[in-house]
Every structure is written in C-alpha cells, then in structure tokens.
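I have placed the structure first, in the form of structure tokens, so that the comments after it can refer back to it.
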Amino acid sequence: MKTLISSDVSLLANLIQEGKVVIFPTETVYGIGASTRREGACLRVYEIKGRPKDNPLIAHFHSIESIEEVCVLGELGRKLLEKFSPGPLTLILPKKEKSLFPKELDTLAVRIPKNPVIREWIRQTGGPVSAPSANLSGRPSLTKLTDVVRYFEGKVDGILIEEEPSYGIESTVVSLVGEHPILLRPGSIESEELKTILPDLILPSPFESSPVLSVSHIPLSPGTKYKHYAPSAQVVIASSEEFIHSLEVGFDPKETAWIGFSLSGNEGKGKVLSERNDFLSKEGEGFREFDHFSLVSTNEEYASKLYAFFEACDLAKIQTIICEAPKLGRGWEGLRNRLEKASRRN
Ligand code: AMP
Ligand code: MG
C-alpha cells in the first residue's frame, strides 16, 4: 500500500472521509485514526495495531460544541472541557448518537487535541476521528515521526506531518458515566487539578507509589513480561541512590541504558563514559549513534523523552533500561504509571 506522507490537511482529511486510515500527531503521542462513523475503517485500525477488540478507541473532536452534538456533556463535563481542553484530557461520556463506533457501547471516549492545525484537520474530515495511539499493541506509544514512518509506512493510507508530540505520555482519562467520576488513566492533567472540579473523583487503586524497585533484586527474565507501554528491553525503576550506584557497577556498555536526573556531575557517569569509550573504540562505529544516557531535568521533560528513548534502546538492542524514579510533585502521576507498566513482567 502507498502511504501518503504529507502536511496537506485537506488531502489527509479527504482520506478519512473516504474511509481510510491516517496517522496524525497530537500533543500527547501519535494517533492512528479513522472516521468514528465508519465501523469498517475503525476495525482496520485494530487490525493494523493488533489491538484487542475489547479496548475501545478515543474519538477526537475539534470543538466542545461538536462533542455536545453526539454525547451528553453535562455540567461537570462542560466545566472540565472548558478548563482543560483543548488538551490532554479524555472524558468518557454517555452517547447520544448510538451509531458511533463502537456501536455496542453506550459510552464514548472524547478528547480535543491541542494543536489548532490538527483540530482543523478533524473539522475537515467531518469528524470525529477515532484513534488509539499509533503503535503496535503493547509497545510504547510513538512520539517521533521517524519511528511512525519506520513502523507504519505501507500499512496505513496517510501520515499527517505536523508538530511532534510534546507531552509524551497518553491523555488523562476520566469517566463521567458512573455515580462518581473515576480517574481511569493518570496523565499530564493530574488528579489534584481535576479535583478542583471533581472533589469526589475516585482514583485507581493502588494509586500511591509502590516501593521503589531495587536494581539488584530484579531477576532479568526477558520474554516473560506482560507488555504494556513496554519496550523489548527490560525496564527497571531505580531510586536515585540505586540509579547512581548502577552507573558505578556491573556496567555492560552493549546492553544497558539510563534515563534520569542524576546523570551529571557524579563519579559514576565518568566511569561509565570511559568504559563506554573503550568499548566503542573496540567495537567500531556501529554503536556510536546511540546515546546510552538520557539526561532530564523535570518530570515533564522525562515524560516527553521517555517513549522515543525506549524506541532508540530497542533499535540498539539494549537489554536493560534503568529509569530513575520520577520526582514527587508535578508530572509524577502519569510518568510513574507508565514506568510501572513498562517495567511489569506479566
Ligand atoms: P489509547 O487510545 O490506546 O491511548 O487508549 C484509550 C484508552 O481509553 C484505553 O484505556 C481505553 O480502554 C479507554 N476507553 C476508550 N473508550 C472507552 C469507553 N467508552 N469506556 C471506557 N474506557 C474507554
Ligand atoms: Mg495505546
């Protein structure tokens, strides 16, 4: 199949109208989209991704009014969208228009992406556009155009070129269909912010951090892990102490990579770097293009770099990715959740 890779909004909007599948960037991650009004096109999205059929898609809209045409927004829904949209917030709402995909459900997940060009594209498709994250099911979502093209060229009808994702993790998902609002998936819009409008918001349990995993106590058994947002490499979450310690001992420059805050100004990194340089000079050019270290200074920067780093690690055949635990405070919730999922073995 020929994939049209273009920044021409109206050409790519036509594809959706014709029942085709188009990948597009949002502020969170890339989405793989089809018209919410065309069941066949939506089902193709599942096939391309290998996504389980019981996991519904988020419908992307260009405006609050267009959501209200097909869903029951209610006062809380309206307040939430007015405060956090356009942006990385998905609401589960009761459907008014029952024929929207998926027909079997009385509810619809809705979201308005931040980039005005993407909203204009959605408007031109006739909207809404149903889209899960553009990745193979179970793997981390994609945040770089080069990764999207590598996986999906020849498999989808179009790829819309626009500003790449900046938040880096998937949207916060809140259900407004039960007796109480429930946070179904943490993300960049945090529970504390949501509680200003939803004081009785129910959080997923257990929500608090599980004890930080210890690098030395993790048995490395690749292949047996349950994959969700997970790279092929084993992800290990480490406290800052363990993270720094891991830089100083047991280093195999072919197989290990690090992402975290504590990469500068410590002895460990110097040792790792010199061992790596020895290794590189022995192994030749092949590994030079891959940087085993990703230094971040905030949780937000960490989230925005995480999935692309996972992809780069898998391309370089890294076995273990040591991730420093995110800092408590802003950005912790969503990042911690994705790191825990990525580190799970079953
Ligand atoms: P993804 O698009 O891959 O980031 O995933 C979308 C998330 O929204 C998944 O966790 C879905 O299970 C969830 N979701 C989508 N539609 C609904 C719905 N109608 N009810 C509950 N959860 C939903
Ligand atoms: Mg996904």
Side-chain angles (χ1 to χ4, degrees), residues 27-30 133 135 139-148 150 164-170 188 212-213 215 218 220 229-277 279-280 283 286-343:
E27 73 278 20
T28 58
V29 299
Y30 276 88
S133 48
N135 54 307
R139 286 197 52 85
S141 304
L142 299 178
T143 56
K144 295 278 165 220
L145 179 63
T146 48
D147 290 329
V148 166
R150 186 159 47 81
E164 287 190 324
S166 53
Y167 287 69
I169 58 171
E170 303 79 359
S188 311
V212 167
L213 301 172
V215 174
I218 299 280
L220 294 179
Y229 308 122
S232 302
Q234 180 60 60
V235 169
V236 172
I237 308 171
S239 68
S240 297
E241 258 181 0
E242 289 168 328
F243 185 81
I244 292 166
H245 183 66
S246 76
L247 289 163
E248 289 161 356
V249 296
F251 169 66
D252 180 341
K254 253 198 304 214
E255 297 193 342
T256 315
W258 286 261
I259 180 165
F261 309 94
S262 305
L263 278 167
S264 53
N266 67 65
E267 293 301 310
K269 190 179 177 194
K271 181 170 185 297
V272 168
L273 282 175
S274 78
E275 285 189 28
R276 182 174 68 139
N277 289 341
F279 167 76
L280 288 174
E283 288 289 308
F287 280 83
R288 231 170 257 278
E289 288 179 18
F290 176 70
D291 190 349
H292 293 243
F293 308 96
S294 185
L295 171 66
V296 298
S297 54
T298 61
N299 288 338
E300 284 94 334
E301 186 187 357
Y302 199 154
S304 85
K305 287 182 167 176
L306 185 70
Y307 289 151
F309 190 63
F310 283 173
E311 277 302 320
C313 286
D314 278 354
L315 268 181
K317 304 214 171 356
I318 292 298
Q319 298 295 307
T320 308
I321 307 171
I322 303 180
C323 301
E324 188 169 354
K327 293 190 188 302
L328 282 174
R330 200 156 170 80
W332 177 87
E333 247 173 55
L335 182 56
R336 176 80 204 179
N337 171 272
R338 300 313 188 276
L339 285 171
E340 276 185 1
K341 291 205 173 215
S343 71

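Quantities reported herein were computed from a predicted structural model and do not represent experimental measurements.
Ring geometry, Trp258 versus Phe293: the interplanar angle falls under 30°, so the pair is classed parallel (tilted spans 30 to 60°).
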Steps toward ring-ring contact (aromatic ring centres under 6.0 Å, His included) verdict (Phe261, Phe243): CA-CA 9 Å; Phe261 309 94; Phe243 185 81; 8.5 Å; no

side-chain contact (heavy atoms from CB on, under 4.5 Å) assessment of Leu315 paired with Arg150: CA-CA 11 Å; Leu315 268 181; Arg150 186 159 47 81; 3.7 Å; yes

Derivation and outcome, salt bridge (charged side-chain N to carboxylate O under 4.0 Å, His left out), residues Glu255 and Lys317: CA-CA 7 Å; Glu255 297 193 342; Lys317 304 214 171 356; over 6 Å; no

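Residues passing the side-chain hydrogen bond (donor to acceptor under 3.5 Å, both in side chains) test with Tyr307, sequence neighbours excluded: Glu170. In terms of the side chain to side chain contact (heavy atoms under 4.5 Å, CB included) criterion, residue partners of Glu241 (sequence neighbours excluded) are, by chain and number, Ser239.
Side-chain contact between Arg336 and Ile237 is present, with heavy atoms from C-beta onward closer than 4.5 Å. No side-chain heavy atom of Pro165 sits less than 4.5 Å from a side-chain heavy atom of Thr28. Phe310 is listed as a side-chain neighbour of Cys323, based on a closest heavy-atom distance under 4.5 Å. Between Ile322 and Thr256 there is a side-chain heavy-atom pair separated by less than 4.5 Å. Residues Gln234 and Gln319 form no side-chain contact, since every pair of their non-hydrogen atoms from C-beta on lies 4.5 Å or further apart. The shortest distance between side-chain heavy atoms of Ser188 and Glu27 does not fall below 4.5 Å. Contact of the Thr143 side chain with the Tyr167 side chain is not registered, since no non-hydrogen atoms from C-beta on lie closer than 4.5 Å. Taking 4.5 Å as the limit, every side-chain heavy atom of Asp147 sits out of range of all side-chain heavy atoms of Asn135.
For the atom pair CG (Asp291) and SG (Cys313), the distance works out to 9.5 Å, reported to the nearest 0.5 Å. Here CG of Leu142 is found 5.5 Å from CD of Glu311. Values are rounded to the nearest 0.5 Å. Annotation: the span from Tyr229 atom OH to Lys341 atom NZ amounts to 5.5 Å, rounded to 0.5 Å. Between the CD1 atom in Ile169 and the CG atom in Leu306 there is a gap of 8.5 Å [rounded to 0.5 Å].
In terms of heavy atoms, Ile259 sits closest to Tyr302 at O-OH, 3.5 Å. The minimum heavy-atom distance between Gly168 and Val29, with the atom names listed, is O-CG1, 3.7 Å.
Residues Ser240 and Glu324 have side chains that bring a donor and an acceptor to within less than 3.5 angstrom of each other.
Looking only at distances, no side-chain donor or acceptor of Asp314 sits under 3.5 Å from a matching main-chain atom of Pro231. The backbone N or O of Leu295 sits less than 3.5 Å from a side-chain atom of Lys305, completing a donor-acceptor pair. Without hydrogens or angle criteria, Glu301 side chain to Ser297 main chain gives a donor-acceptor distance under 3.5 Å.
Look at Lys144 and Glu164 and you find a salt bridge, because one of the NZ, NE, NH1 or NH2 atoms lies within 4.0 Å of a carboxylate O, short of that distance.
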